[in-house]
Amino acid sequence: MTSHGFRASANSLLNESAKWNPDAIEVERLRMGADEVRRAYHRAHYWEERVRMQQ
C-alpha cells in the first residue's frame, strides 16, 4: 500500500458512503495545490464536516 493508494481508497470509500459533501472530501484530501497561498488562507472551508470525517 502506498500513500497514493491509501488516499485513492479513502476518496472512493468516502464518496461511495454518500455521507459527506464531495467538496469537503476533496478539500480534505488535497495536500498540495497550485495555489498554496490561497489554500493556506481557506483552511476553514468545510471545517466542521472535515473534522467529523477524520474522526
Side-chain angles (χ1 to χ4, degrees):
M1 186 69 154
T2 64
S3 59
H4 178 74
F6 176 76
R7 289 174 58 183
S9 295
N11 185 57
S12 294
L13 291 170
L14 291 168
N15 276 297
E16 288 173 1
S17 76
K19 184 177 180 180
W20 311 105
N21 179 324
D23 291 332
I25 295 168
E26 192 67 19
V27 169
E28 184 60 26
R29 193 178 59 83
L30 294 176
R31 293 290 179 226
M32 299 293 285
D35 189 353
E36 290 295 315
V37 174
R38 181 171 183 244
R39 199 168 68 81
Y41 289 102
H42 287 85
R43 292 181 192 157
H45 272 21
Y46 308 103
W47 182 254
E48 291 184 20
E49 185 170 8
R50 289 169 55 205
V51 168
R52 289 192 312 270
M53 189 186 316
Q54 290 297 325
Q55 292 173 345

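Along the sequence shown, residues carry numbers from 1. Because only heavy atoms are used, hydrogens play no part in the values below, and waters and symmetry mates are left out as well, while side chains stay in.
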### Summary
To the nearest 0.5 Å, atom CG of L14 lies from atom OG of S9 at 10.5 Å

### Query
Is any side-chain heavy atom of W20 closer than 4.5 Å to a side-chain heavy atom of R52?
yes

### Message
Please check this pair: side chain of N15 against backbone of N11, looking for a donor-acceptor N/O pair closer than 3.5 Å.
### Response
yes

### Task
Drop me the distance from K19's NZ to E49's CD, to the nearest 0.5 angstrom.
10.0 Å

